[in-house]
Amino acid sequence: MLHEWTLIDVDQDRYVEEWNYEGSRHGWPELEISLRRLRGGLQDGVERITVRDGDFSFDLLPTRGMSLHAARLGDWRIGWRSPIRGPVHPRFVPLSEPTGLGWLDGFDELLVRCGLESNGAPDFDEHHRLTHPLHGRIGNLPARKVTVAVDTEAQTVSISGVVDECRFHFLKLELTATVTLKKGVAGVTIDDSILNRGAGTARAQMLYHINFGEPLLDAGAQLIAAAQRVVPRNPHAARSIDQWDRYPAPMPGSEEQVYFLDLLTDPQGFAETMLKDAHGTRAAVVRHRPDQLPCFSQWKDPGAVEDGYVTGLEPGTNFPNPRRFEGEHGRELEIPAGTARQLRVELRFLDDAASIAKQEAAIVARRNGAPELLAAPDPDWCA
(Lines give C-alpha, C1' and ligand atoms only; values in the text may rest on other atoms or scores of the structure.)
Protein backbone atom coordinates (compact mmCIF):
# COMPACT_ATOMS: atom_id res chain seq x y z
CA MET A 1 0.00 0.00 0.00
CA LEU A 2 1.20 3.51 -0.85
CA HIS A 3 1.12 6.21 1.84
CA GLU A 4 1.88 9.79 0.76
CA TRP A 5 2.35 13.14 2.48
CA THR A 6 2.95 16.66 1.13
CA LEU A 7 5.31 18.57 3.42
CA ILE A 8 5.86 21.68 1.30
CA ASP A 9 3.76 23.03 -1.56
CA VAL A 10 4.16 26.71 -2.35
CA ASP A 11 1.31 26.67 -4.88
CA GLN A 12 -1.08 25.33 -2.23
CA ASP A 13 0.34 27.54 0.55
CA ARG A 14 1.28 24.41 2.50
CA TYR A 15 4.25 24.25 4.81
CA VAL A 16 4.88 21.77 7.63
CA GLU A 17 7.27 23.18 10.23
CA GLU A 18 7.99 19.81 11.87
CA TRP A 19 6.85 16.30 10.97
CA ASN A 20 7.55 12.75 12.15
CA TYR A 21 6.58 9.33 10.85
CA GLU A 22 7.12 5.94 12.46
CA GLY A 23 7.03 2.94 10.15
CA SER A 24 5.51 0.77 12.86
CA ARG A 25 2.18 2.36 11.86
CA HIS A 26 2.35 0.37 8.63
CA GLY A 27 4.36 -2.74 9.49
CA TRP A 28 7.89 -1.37 9.04
CA PRO A 29 9.14 -0.87 12.61
CA GLU A 30 12.75 -0.07 11.61
CA LEU A 31 11.68 2.97 9.60
CA GLU A 32 11.64 6.54 10.92
CA ILE A 33 11.26 9.75 8.90
CA SER A 34 11.37 13.29 10.25
CA LEU A 35 11.36 16.87 8.98
CA ARG A 36 12.90 19.62 11.06
CA ARG A 37 13.69 23.25 10.37
CA LEU A 38 17.15 24.06 11.74
CA ARG A 39 17.76 27.15 13.85
CA GLY A 40 20.80 29.26 14.69
CA GLY A 41 23.94 30.32 12.86
CA LEU A 42 24.40 29.79 9.14
CA GLN A 43 21.99 26.82 9.19
CA ASP A 44 19.06 28.97 10.31
CA GLY A 45 16.01 28.15 8.21
CA VAL A 46 17.41 25.03 6.49
CA GLU A 47 14.87 22.20 6.18
CA ARG A 48 16.36 18.78 6.93
CA ILE A 49 14.62 15.47 6.29
CA THR A 50 16.14 12.45 8.05
CA VAL A 51 15.30 8.91 6.96
CA ARG A 52 16.37 5.98 9.12
CA ASP A 53 16.04 2.29 8.32
CA GLY A 54 17.69 0.24 11.04
CA ASP A 55 21.37 1.15 11.25
CA PHE A 56 21.39 3.14 7.99
CA SER A 57 20.20 6.73 7.74
CA PHE A 58 20.64 9.82 5.58
CA ASP A 59 19.86 13.55 5.74
CA LEU A 60 18.25 15.35 2.80
CA LEU A 61 18.15 19.14 2.38
CA PRO A 62 15.17 20.53 0.41
CA THR A 63 16.48 24.06 1.06
CA ARG A 64 19.72 23.26 -0.74
CA GLY A 65 18.50 21.81 -4.03
CA MET A 66 17.65 18.40 -2.50
CA SER A 67 21.29 17.71 -1.58
CA LEU A 68 22.32 14.75 0.57
CA HIS A 69 24.06 16.26 3.55
CA ALA A 70 25.42 13.07 5.12
CA ALA A 71 24.61 9.41 5.71
CA ARG A 72 25.34 6.96 8.51
CA LEU A 73 25.89 3.22 8.62
CA GLY A 74 26.27 2.06 12.20
CA ASP A 75 28.99 4.26 13.72
CA TRP A 76 30.33 5.29 10.29
CA ARG A 77 29.43 8.86 9.32
CA ILE A 78 29.51 8.97 5.53
CA GLY A 79 30.54 12.28 4.04
CA TRP A 80 33.47 14.54 4.82
CA ARG A 81 34.69 17.08 7.34
CA SER A 82 34.39 20.41 5.61
CA PRO A 83 35.72 23.53 7.36
CA ILE A 84 32.25 24.94 6.62
CA ARG A 85 29.87 24.51 9.56
CA GLY A 86 26.85 23.48 7.54
CA PRO A 87 24.34 22.93 6.29
CA VAL A 88 24.43 26.58 5.20
CA HIS A 89 21.27 28.42 4.21
CA PRO A 90 21.55 29.67 0.59
CA ARG A 91 21.03 33.29 1.69
CA PHE A 92 24.55 33.15 3.18
CA VAL A 93 26.15 31.87 -0.06
CA PRO A 94 27.27 34.77 -2.31
CA LEU A 95 27.06 33.03 -5.69
CA SER A 96 27.49 36.23 -7.68
CA GLU A 97 30.56 37.64 -5.95
CA PRO A 98 33.11 38.78 -8.59
CA THR A 99 35.58 35.90 -8.07
CA GLY A 100 32.89 33.36 -8.96
CA LEU A 101 33.91 31.24 -5.96
CA GLY A 102 31.11 32.16 -3.53
CA TRP A 103 29.62 28.66 -3.94
CA LEU A 104 32.40 27.36 -1.69
CA ASP A 105 30.90 29.21 1.30
CA GLY A 106 28.17 26.55 1.54
CA PHE A 107 30.01 23.42 0.39
CA ASP A 108 29.93 20.54 2.89
CA GLU A 109 27.53 17.93 1.48
CA LEU A 110 27.92 14.24 0.74
CA LEU A 111 26.14 14.86 -2.59
CA VAL A 112 25.39 18.24 -4.11
CA ARG A 113 24.12 18.83 -7.64
CA CYS A 114 26.01 21.27 -9.86
CA GLY A 115 24.10 22.94 -12.69
CA LEU A 116 21.71 23.51 -14.31
CA GLU A 117 22.85 26.32 -16.58
CA SER A 118 26.51 25.57 -15.81
CA ASN A 119 28.34 23.18 -13.52
CA GLY A 120 32.08 23.80 -13.78
CA ALA A 121 34.74 26.38 -13.08
CA PRO A 122 33.80 30.07 -13.08
CA ASP A 123 33.46 31.65 -16.51
CA PHE A 124 34.10 35.30 -17.43
CA ASP A 125 33.47 37.47 -20.48
CA GLU A 126 36.07 39.43 -22.45
CA HIS A 127 35.81 42.25 -19.89
CA HIS A 128 36.59 39.83 -17.02
CA ARG A 129 33.04 40.03 -15.70
CA LEU A 130 31.57 36.90 -14.17
CA THR A 131 29.10 35.12 -16.46
CA HIS A 132 28.77 31.74 -14.71
CA PRO A 133 29.80 31.12 -11.08
CA LEU A 134 31.50 27.98 -9.82
CA HIS A 135 29.23 24.91 -10.06
CA GLY A 136 26.06 26.83 -10.89
CA ARG A 137 22.95 27.69 -8.89
CA ILE A 138 20.86 24.54 -8.44
CA GLY A 139 22.57 23.45 -5.19
CA ASN A 140 21.53 26.71 -3.55
CA LEU A 141 17.91 26.87 -4.68
CA PRO A 142 15.09 25.66 -2.37
CA ALA A 143 12.46 23.12 -3.35
CA ARG A 144 8.98 24.61 -3.83
CA LYS A 145 7.27 21.24 -3.39
CA VAL A 146 8.33 18.24 -1.27
CA THR A 147 6.48 14.96 -0.93
CA VAL A 148 7.15 11.72 0.94
CA ALA A 149 5.88 8.31 -0.19
CA VAL A 150 6.14 5.04 1.73
CA ASP A 151 5.28 1.93 -0.28
CA THR A 152 4.86 -0.93 2.17
CA GLU A 153 4.43 -3.48 -0.61
CA ALA A 154 7.55 -2.49 -2.54
CA GLN A 155 9.28 -1.67 0.78
CA THR A 156 10.57 1.69 -0.40
CA VAL A 157 10.66 5.28 0.78
CA SER A 158 10.76 8.00 -1.89
CA ILE A 159 11.21 11.70 -1.23
CA SER A 160 10.63 14.06 -4.15
CA GLY A 161 11.36 17.74 -4.45
CA VAL A 162 10.65 20.21 -7.24
CA VAL A 163 13.27 22.95 -7.72
CA ASP A 164 13.05 25.75 -10.29
CA GLU A 165 16.05 27.32 -11.98
CA CYS A 166 14.45 30.08 -13.96
CA ARG A 167 15.38 33.55 -15.20
CA PHE A 168 13.28 35.88 -17.33
CA HIS A 169 14.56 35.81 -20.95
CA PHE A 170 16.88 32.90 -20.11
CA LEU A 171 16.48 29.27 -18.96
CA LYS A 172 13.19 28.01 -17.54
CA LEU A 173 14.13 24.64 -16.04
CA GLU A 174 12.32 22.52 -13.48
CA LEU A 175 14.20 19.81 -11.61
CA THR A 176 12.19 17.02 -10.00
CA ALA A 177 14.61 15.14 -7.74
CA THR A 178 13.55 11.83 -6.21
CA VAL A 179 15.65 10.00 -3.62
CA THR A 180 14.60 6.40 -2.92
CA LEU A 181 15.56 4.03 -0.13
CA LYS A 182 14.94 0.29 -0.39
CA LYS A 183 14.33 -1.55 2.89
CA GLY A 184 17.46 -3.24 4.19
CA VAL A 185 19.79 -1.61 1.63
CA ALA A 186 22.48 0.79 2.81
CA GLY A 187 22.24 3.29 0.00
CA VAL A 188 19.93 5.40 -2.13
CA THR A 189 18.85 5.76 -5.74
CA ILE A 190 18.58 9.27 -7.19
CA ASP A 191 16.24 9.82 -10.12
CA ASP A 192 16.25 13.33 -11.55
CA SER A 193 14.04 14.76 -14.25
CA ILE A 194 14.97 18.10 -15.87
CA LEU A 195 11.96 19.67 -17.61
CA ASN A 196 12.27 22.58 -20.02
CA ARG A 197 9.27 24.84 -19.35
CA GLY A 198 10.40 27.38 -21.95
CA ALA A 199 9.23 27.74 -25.56
CA GLY A 200 12.65 27.08 -27.12
CA THR A 201 15.32 24.42 -26.81
CA ALA A 202 17.30 24.65 -23.56
CA ARG A 203 20.95 23.71 -23.11
CA ALA A 204 21.70 22.50 -19.62
CA GLN A 205 24.44 20.79 -17.63
CA MET A 206 24.43 18.54 -14.57
CA LEU A 207 27.18 17.13 -12.38
CA TYR A 208 26.77 15.08 -9.20
CA HIS A 209 29.50 16.19 -6.76
CA ILE A 210 29.75 13.13 -4.44
CA ASN A 211 32.26 13.66 -1.65
CA PHE A 212 34.04 11.44 0.87
CA GLY A 213 36.51 12.11 3.65
CA GLU A 214 37.62 10.25 6.77
CA PRO A 215 37.28 7.48 7.81
CA LEU A 216 36.61 6.08 4.31
CA LEU A 217 39.32 8.27 2.81
CA ASP A 218 42.66 7.41 4.42
CA ALA A 219 46.29 6.75 3.54
CA GLY A 220 46.16 3.84 1.10
CA ALA A 221 42.52 4.29 0.07
CA GLN A 222 41.93 3.28 -3.54
CA LEU A 223 39.52 4.08 -6.36
CA ILE A 224 38.42 0.92 -8.17
CA ALA A 225 37.21 1.75 -11.67
CA ALA A 226 36.94 0.02 -15.04
CA ALA A 227 38.65 2.93 -16.75
CA GLN A 228 39.99 2.67 -20.27
CA ARG A 229 41.45 6.19 -20.31
CA VAL A 230 42.61 8.57 -17.55
CA VAL A 231 43.31 12.22 -18.39
CA PRO A 232 44.96 14.73 -16.01
CA ARG A 233 43.21 18.10 -15.94
CA ASN A 234 46.44 20.12 -15.70
CA PRO A 235 50.25 19.64 -15.54
CA HIS A 236 50.16 19.36 -11.74
CA ALA A 237 47.82 16.36 -11.92
CA ALA A 238 49.88 14.91 -14.77
CA ARG A 239 52.94 14.67 -12.55
CA SER A 240 51.13 12.07 -10.40
CA ILE A 241 49.25 10.24 -13.15
CA ASP A 242 50.76 6.90 -12.09
CA GLN A 243 49.05 7.34 -8.69
CA TRP A 244 45.67 8.52 -9.99
CA ASP A 245 43.76 5.72 -8.22
CA ARG A 246 45.64 5.87 -4.89
CA TYR A 247 45.24 8.31 -2.01
CA PRO A 248 47.91 9.62 0.37
CA ALA A 249 47.63 10.61 3.99
CA PRO A 250 46.62 14.25 4.54
CA MET A 251 49.30 16.61 3.24
CA PRO A 252 48.84 20.16 4.59
CA GLY A 253 49.25 22.80 1.92
CA SER A 254 48.95 20.39 -1.03
CA GLU A 255 47.22 21.34 -4.28
CA GLU A 256 44.13 19.54 -5.55
CA GLN A 257 44.34 17.10 -8.46
CA VAL A 258 41.61 16.25 -10.97
CA TYR A 259 41.44 13.36 -13.42
CA PHE A 260 38.88 12.73 -16.15
CA LEU A 261 37.97 9.06 -16.70
CA ASP A 262 36.49 7.17 -19.63
CA LEU A 263 34.62 4.27 -17.99
CA LEU A 264 33.50 0.89 -19.31
CA THR A 265 29.96 -0.29 -18.54
CA ASP A 266 28.33 -3.50 -17.35
CA PRO A 267 25.80 -5.44 -19.48
CA GLN A 268 22.99 -3.21 -18.12
CA GLY A 269 24.73 -0.08 -19.36
CA PHE A 270 25.91 1.15 -15.92
CA ALA A 271 29.41 2.27 -14.94
CA GLU A 272 30.50 1.56 -11.38
CA THR A 273 33.27 3.14 -9.34
CA MET A 274 34.18 2.16 -5.80
CA LEU A 275 36.23 4.02 -3.21
CA LYS A 276 37.54 1.62 -0.57
CA ASP A 277 39.60 2.31 2.52
CA ALA A 278 43.13 1.01 3.00
CA HIS A 279 41.93 -2.05 4.95
CA GLY A 280 39.13 -3.02 2.60
CA THR A 281 36.55 -2.79 5.40
CA ARG A 282 34.57 0.25 4.21
CA ALA A 283 33.59 1.25 0.69
CA ALA A 284 31.26 3.49 -1.28
CA VAL A 285 29.98 2.52 -4.71
CA VAL A 286 28.74 5.06 -7.29
CA ARG A 287 26.69 3.66 -10.17
CA HIS A 288 25.50 5.72 -13.14
CA ARG A 289 24.61 5.43 -16.83
CA PRO A 290 27.19 6.94 -19.22
CA ASP A 291 24.51 7.28 -21.89
CA GLN A 292 22.95 9.87 -19.54
CA LEU A 293 26.10 11.12 -17.78
CA PRO A 294 29.01 10.46 -20.17
CA CYS A 295 31.74 12.35 -18.30
CA PHE A 296 33.33 11.24 -15.01
CA SER A 297 35.66 13.38 -12.89
CA GLN A 298 37.79 12.31 -9.95
CA TRP A 299 38.68 15.16 -7.60
CA LYS A 300 41.48 14.60 -5.07
CA ASP A 301 42.02 17.25 -2.38
CA PRO A 302 44.57 15.69 0.00
CA GLY A 303 45.07 18.71 2.24
CA ALA A 304 44.97 18.74 6.02
CA VAL A 305 41.88 17.24 7.66
CA GLU A 306 41.16 20.65 9.19
CA ASP A 307 41.19 22.21 5.71
CA GLY A 308 38.96 19.58 4.11
CA TYR A 309 40.69 16.24 3.32
CA VAL A 310 38.29 14.96 0.66
CA THR A 311 37.79 13.27 -2.67
CA GLY A 312 34.92 13.67 -5.12
CA LEU A 313 33.51 11.08 -7.51
CA GLU A 314 31.57 13.08 -10.07
CA PRO A 315 29.47 11.71 -12.93
CA GLY A 316 28.25 14.49 -15.19
CA THR A 317 26.88 15.50 -18.55
CA ASN A 318 30.22 17.23 -19.15
CA PHE A 319 33.55 17.92 -17.52
CA PRO A 320 33.63 20.72 -14.91
CA ASN A 321 35.37 23.22 -17.17
CA PRO A 322 34.06 26.76 -17.80
CA ARG A 323 30.62 26.81 -19.43
CA ARG A 324 31.80 28.39 -22.67
CA PHE A 325 34.51 25.73 -23.21
CA GLU A 326 32.12 22.82 -22.63
CA GLY A 327 29.48 24.37 -24.87
CA GLU A 328 32.00 24.78 -27.69
CA HIS A 329 32.80 21.07 -27.38
CA GLY A 330 29.15 20.03 -27.48
CA ARG A 331 29.00 18.70 -23.93
CA GLU A 332 25.57 19.87 -22.83
CA LEU A 333 22.02 18.56 -22.57
CA GLU A 334 19.75 19.71 -25.34
CA ILE A 335 16.18 19.73 -24.02
CA PRO A 336 13.44 20.65 -26.51
CA ALA A 337 10.56 22.80 -25.29
CA GLY A 338 8.12 20.94 -23.08
CA THR A 339 10.27 17.83 -22.75
CA ALA A 340 12.40 16.40 -19.96
CA ARG A 341 15.69 14.51 -19.63
CA GLN A 342 16.09 11.71 -17.09
CA LEU A 343 19.23 11.07 -15.02
CA ARG A 344 19.96 8.32 -12.49
CA VAL A 345 22.73 7.85 -9.92
CA GLU A 346 22.91 5.05 -7.34
CA LEU A 347 24.93 5.08 -4.11
CA ARG A 348 25.70 1.99 -2.04
CA PHE A 349 27.74 1.75 1.15
CA LEU A 350 29.54 -1.43 2.24
CA ASP A 351 31.08 -2.20 5.61
CA ASP A 352 32.17 -5.83 5.34
CA ALA A 353 35.27 -7.15 3.61
CA ALA A 354 33.54 -9.97 1.73
CA SER A 355 31.03 -7.69 0.01
CA ILE A 356 33.77 -5.20 -0.84
CA ALA A 357 35.98 -7.90 -2.36
CA LYS A 358 33.05 -9.21 -4.42
CA GLN A 359 32.24 -5.72 -5.71
CA GLU A 360 35.88 -5.06 -6.57
CA ALA A 361 36.14 -8.33 -8.50
CA ALA A 362 33.05 -7.43 -10.53
CA ILE A 363 34.50 -4.03 -11.51
CA VAL A 364 37.96 -5.42 -12.28
CA ALA A 365 36.43 -8.12 -14.49
CA ARG A 366 35.10 -5.40 -16.80
CA ARG A 367 38.53 -3.89 -17.39
CA ASN A 368 40.15 -4.32 -20.79
CA GLY A 369 43.70 -4.36 -19.49
CA ALA A 370 45.36 -1.37 -17.85
CA PRO A 371 43.89 2.04 -18.73
CA GLU A 372 45.65 4.45 -21.03
CA LEU A 373 47.27 7.09 -18.80
CA LEU A 374 47.85 10.39 -20.58
CA ALA A 375 51.05 12.20 -19.69
CA ALA A 376 49.50 15.61 -20.39
CA PRO A 377 46.03 17.18 -20.48
CA ASP A 378 43.86 16.45 -23.52
CA PRO A 379 42.98 19.83 -25.11
CA ASP A 380 39.54 18.50 -26.09
CA TRP A 381 38.74 17.59 -22.46
CA CYS A 382 40.70 20.16 -20.46
CA ALA A 383 40.24 23.92 -20.62
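Position 1 is the first residue of the sequence, and the numbers go up from there.
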Quick one: do Glu17 and Arg39 satisfy salt bridge (Lys or Arg N to Asp or Glu O under 4.0 Å)? Show the steps, please.
CA-CA 12 Å; Glu17 186 80 27; Arg39 294 296 186 186; 3.3 Å; yes

Can you check whether [Y]'s main-chain N or O pairs, donor with acceptor, with [X]'s side chain at less than 3.5 Å?
| X | Y | answer |
| --- | --- | --- |
| Arg341 | Glu334 | yes |
| Asp123 | Arg324 | yes |
| Arg85 | Gln43 | no |
| Asp307 | Gly253 | no |
| Asp352 | Ser355 | yes |
| His89 | Arg91 | yes |
| Thr50 | Ser34 | no |
| Thr311 | Trp299 | yes |
| Asp191 | Thr189 | no |
| Glu165 | Leu171 | no |

With the side chain counted from C-beta on, respond yes when [X] and [Y] share a heavy-atom pair under 4.5 Å apart, and no when they do not.
| X | Y | result |
| --- | --- | --- |
| Arg64 | Glu109 | yes |
| Phe56 | Val51 | no |
| Met66 | Leu175 | no |
| Asp105 | Pro94 | yes |
| Cys382 | Phe260 | yes |
| His132 | Gln205 | no |
| Arg52 | Glu30 | no |
| His69 | Asp108 | yes |

Measure from NZ or CZ of Lys300 to the centre of the six-membered ring of Tyr259, then state whether that distance is under 6.0 Å and the direction lies within 45° of the axis.
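Ring-cation test returns no.
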
Taking all non-hydrogen atoms of both residues into account, name the closest pair between [X] and [Y] and its distance.
| X | Y | value |
| --- | --- | --- |
| Ala340 | Ser193 | CB-OG, 3.5 Å |
| Phe124 | Thr131 | N-OG1, 3.7 Å |
| Arg144 | Ile8 | O-CG2, 3.8 Å |

With hydrophobic residues grouped by side-chain heavy-atom distances under 4.5 Å, do [X] and [Y] end up in a single group?
| X | Y | value |
| --- | --- | --- |
| Tyr309 | Leu111 | yes |
| Leu73 | Ile190 | yes |
| Val286 | Phe58 | yes |
| Leu134 | Val112 | yes |
| Ile78 | Tyr247 | yes |

Decide whether Thr180 and Ser158 meet the rule of one side-chain donor and one side-chain acceptor closer than 3.5 Å.
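Indeed, the side chains of Thr180 and Ser158 share at least one donor-acceptor pair under 3.5 Å.
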
When you check the side-chain N and O atoms of Thr63 and Glu47, is any donor under 3.5 Å from an acceptor?
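The criterion, which ignores hydrogens and geometry beyond distance, is satisfied for Glu47 and Thr63.
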
What's the separation between atom CG in Asn20 and atom CD1 in Ile33, rounded to the nearest 0.5 Å?
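If we round to the nearest 0.5 Å, Asn20:CG and Ile33:CD1 are 10.0 Å apart.
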
Roughly how far, to the nearest 0.5 Å, is CG of Asp53 from CD of Glu32?
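The CG atom of Asp53 is 10.0 Å from CD of Glu32, to the nearest 0.5 Å.
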
Output, in order, the C-alpha distance, side-chain angles, deciding distance and verdict of salt bridge (Lys or Arg N to Asp or Glu O under 4.0 Å) for Lys182 and Glu346.
CA-CA 12 Å; Lys182 176 74 173 178; Glu346 300 175 5; over 6 Å; no

Would you please test Gln155 and Trp28 for side chain to side chain donor-acceptor pair (under 3.5 Å) and show each step?
CA-CA 8 Å; Gln155 297 187 316; Trp28 189 344; over 6 Å; no

Electrostatic pair [X]-[Y], nearest N-O below 4.0 angstrom:
| X | Y | value |
| --- | --- | --- |
| Arg323 | Glu332 | yes |
| Glu372 | Arg229 | yes |
| Asp11 | Lys145 | no |
| Asp59 | Arg72 | yes |
| Glu326 | Arg203 | no |

Report the C-alpha distance between Arg348 and Glu272 in whole Å, list the side-chain angles of each, state the deciding distance to 0.1 Å, and finish with yes or no for salt bridge (Lys or Arg N to Asp or Glu O under 4.0 Å).
CA-CA 11 Å; Arg348 298 291 180 270; Glu272 290 181 319; over 6 Å; no

Run the numbers on Asp75 and Arg282 for salt bridge (Lys or Arg N to Asp or Glu O under 4.0 Å), then give the verdict.
CA-CA 12 Å; Asp75 60 358; Arg282 288 190 173 109; 3.8 Å; yes

I'd like to know whether the aromatic ring centres of His329 and Phe319 sit less than 6.0 Å apart in this structure.
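No.
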
Angle class for the His135/Trp103 ring planes (parallel below 30°, perpendicular above 60°, tilted otherwise)?
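Geometry flag for Trp103 against His135: perpendicular rings.
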
Which is it for His209 and Phe107 under the ring-ring contact (aromatic ring centres under 6.0 Å, His included) test, yes or no, and what are the steps along the way?
CA-CA 10 Å; His209 211 306; Phe107 177 43; 5.1 Å; yes

So does His279 have more than 12 non-hydrogen atoms from other groups sitting under 6.0 Å from NE2?
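Counting neighbours around NE2 of His279, 12 or fewer heavy atoms of other residues, nucleotides or ligands fall under 6.0 Å, so no.
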
